[in-house]
2 protein chains.
Amino acid sequence: MITIGIVEDNDVLRSSMEMLLQNNGNYQVVFSLHDARTILEQTEIHMPRLILMDIDMPGINGIEAVKMVKKDFPAVDIIMFTVFEDDEKIFRSVMAGASGYLLKKIAPSRLLEALNDFVQGGAPMTGSIATRVLEMFRKQTKQTSAEFNLSVKELEILTALTEGKSYKTIAAERFLSTETIKSHVKNIYVKLHVHSKSEAVAKAFREKII
Amino acid sequence: MITIGIVEDNDVLRSSMEMLLQNNGNYQVVFSLHDARTILEQTEIHMPRLILMDIDMPGINGIEAVKMVKKDFPAVDIIMFTVFEDDEKIFRSVMAGASGYLLKKIAPSRLLEALNDFVQGGAPMTGSIATRVLEMFRKQTKQTSAEFNLSVKELEILTALTEGKSYKTIAAERFLSTETIKSHVKNIYVKLHVHSKSEAVAKAFREKII
DNA sequence: TTAAAAACCCCCCGTTTAGGGGTTTTTAAA
DNA sequence: TTTAAAAACCCCTAAACGGGGGGTTTTTAA
């Protein structure tokens, strides 16, 4: 028997969800809220295995509610159940700690399926959402980019620059003269098309050289 | 009728996959390769809707193959089909351009289901993989961190610093004296606990302030 | 209303940097 | 064995920076 909490401001929908879950036999709805205001108390009292959470609600929005619950009860899994399918909402939900993301347009039978899958350690999201997440993931962590043909030494020194070290420090650390470091830095600037330490550091981060 | 290509070095498994797909009626296996050496030619000739790709293969490994195919034929979707479920492999596959990731331990019926889902714009991965991706995603893009209580102006100036601008330039851009910029920068340094432009820029990136 | 931030401005001084010009020695490939 | 980078070193100069002072005026929030 899987305990489940529901937070959904649309009363009609919430009742349907309750019914759907209760009738299934595998689920026990331990709380069913119109908004997230009492979510912490309810969670503490009933300790559901998972929570189905709407996003657009009066008072506290669903994403904020996820943060709150996850902070106090990290073991409780929360699945967003919403009409929104924009990257922003998905992204923020995942960041907040949501374990899943289902769209309301899903058929009731599929909802149950998805929940069952999830409980068995499985699919926590609609296919289209999974695709979105993959894409966001891909974008976020784009490739190491062109290496700008930096030599090993140059990369080493660039890294040191990102640590805020001065030429003198870098030189001292590897028993070289500051002039050596300077000429390396000059070469780095030429290769990166920059004209100062801060620009070089910024480029190093932006281009994921570091 | 969905055209599909298979790349899998285990001949027994490959035959089973072929049979499974052909018998289903919805799929037409247009090529079935023991390794990825001829993948580009085969893809060019048959232009499958999607490719099922093993990872561990003699010659070219599956992830390299994905890169090759995606480079020349970005429209072809590739789904990894593998025994590996470690983050590293998943990560690299997604980065290479794989649209899905299925584990070989999946039941044949579920494989068909997953493929069908995928073709309908849906779930391109096993549930456990989706969970992993979510976790990786969460880790990658960790929170915006403490804001260091930077004022709006300070944030503005910090941003300008990351663009490699000098005090003079920043001052000129907003019709302020360079001394004003200097004192703002001083305050930024105090708040970030740094002592130079490059350190400030580095911290800005590392702490995702920018 | 009032006190604290935030934003603004200025001076000094020593250090660091950026860009310009070089030379010599390793190192690695042709 | 030749050759070409890469790495290491040097000098000079002007500009930029960092840290230390000293202030005034707006905003903003109790």
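Letters go in sequence order (proteins before strands), and every chain restarts at 1.
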Between B:Phe137 and A:Phe137, how do the two ring planes meet: parallel, tilted or perpendicular, split at 30° and 60°? perpendicular
Which nucleotide sits closest to the side chain of B:Tyr189: C:dC8, D:dG18, D:dA7? D:dG18
Phosphate-side-chain proximity, B:His184 and C:dC8, N/O vs OP1/OP2 below 4.0 Å: yes
Taking only N and O in the side chain of A:Ser166, is any of them less than 4.0 Å away from OP1 or OP2 of C:dT16? no
Protein-nucleotide distance (A:Glu156, atom CD; D:dA6, atom P), rounded to Å: 15 Å
Compare side-chain N and O positions of B:Lys197 against OP1 and OP2 of D:dC17 and report whether any pair is under 4.0 Å apart. yes
Under a 3.5 Å cut-off for both distances, is D:dC17 Watson-Crick or wobble paired, and to whom? C:dG14
Most 5' of A:Ser196 and B:Phe175 on DNA chain C, judged by nearest nucleotide: B:Phe175
In whole Å, what is the span from the NZ atom of B:Lys165 to the P atom of C:dA18? 17 Å
Testing the basics here: between A:Gln22 and A:Tyr27, what is the closest heavy-atom pair and its distance to 0.1 Å? OE1-O, 3.6 Å
Expressed in angstrom and rounded to an integer, what is the separation of A:Ile188 atom CD1 from C:dG19 atom C1'? 15 Å
If you draw the axis of the six-membered ring of A:Phe84, does the NZ or CZ of A:Lys89 fall within 45° of it and under 6.0 Å from the ring centre? yes
Taking atom P of D:dA5 as reference, at what distance in whole Å does atom CG of A:Leu150 sit? 17 Å
Identify, between A:Asn187 and A:Thr178, the residue whose nearest nucleotide on DNA chain D lies closer to the 5' end. A:Asn187
Between A:Ser32 and A:Arg14, a side-chain donor and acceptor under 3.5 Å: yes
Within this structure, what is the OG1-CG distance for the pair B:Thr43 and B:Leu33, rounded to the nearest 0.5 Å? 8.0 Å
Which whole-number value in Å describes the distance from B:Lys153 NZ to C:dC8 C1'? 9 Å
Quick check: on DNA chain D, is the nucleotide nearest B:His195 upstream (toward 5') of the one nearest A:Ser177, or the reverse? Name the residue that is more 5'. A:Ser177
State plainly whether the residues A:Glu163 and B:Arg206 are in salt-bridge range, i.e. N to O under 4.0 Å. no
With a 4.0 Å limit, can you tell me whether B:Ser183 has a side-chain N or O closer than that to the phosphate oxygens OP1/OP2 of C:dA7? no
D:dT26 pairs with which nucleotide, Watson-Crick or G-U wobble, both distances below 3.5 Å? C:dA5
Whole-Å distance separating the CD1 atom of A:Ile181 from the P atom of C:dT15: 20 Å
Does D:dA16 have OP1 or OP2 under 4.0 Å away from a side-chain N or O of B:Lys168? yes
Quickly work out the B:Glu179 CD to D:dG22 C1' distance and round it to whole Å. 12 Å
Just to confirm, is there a sub-4.0 Å distance from OP1 or OP2 of D:dC11 to any side-chain nitrogen or oxygen of A:Lys182? no
Between C:dT25 (P) and A:Leu176 (CG): distance, integer Å: 17 Å
What about B:Lys186: does its side chain form a donor-acceptor pair under 3.5 Å with the base of D:dG18? no
For C:dT15, take OP1 and OP2 only and decide whether either is under 4.0 Å from a side-chain N or O of A:Tyr167. no
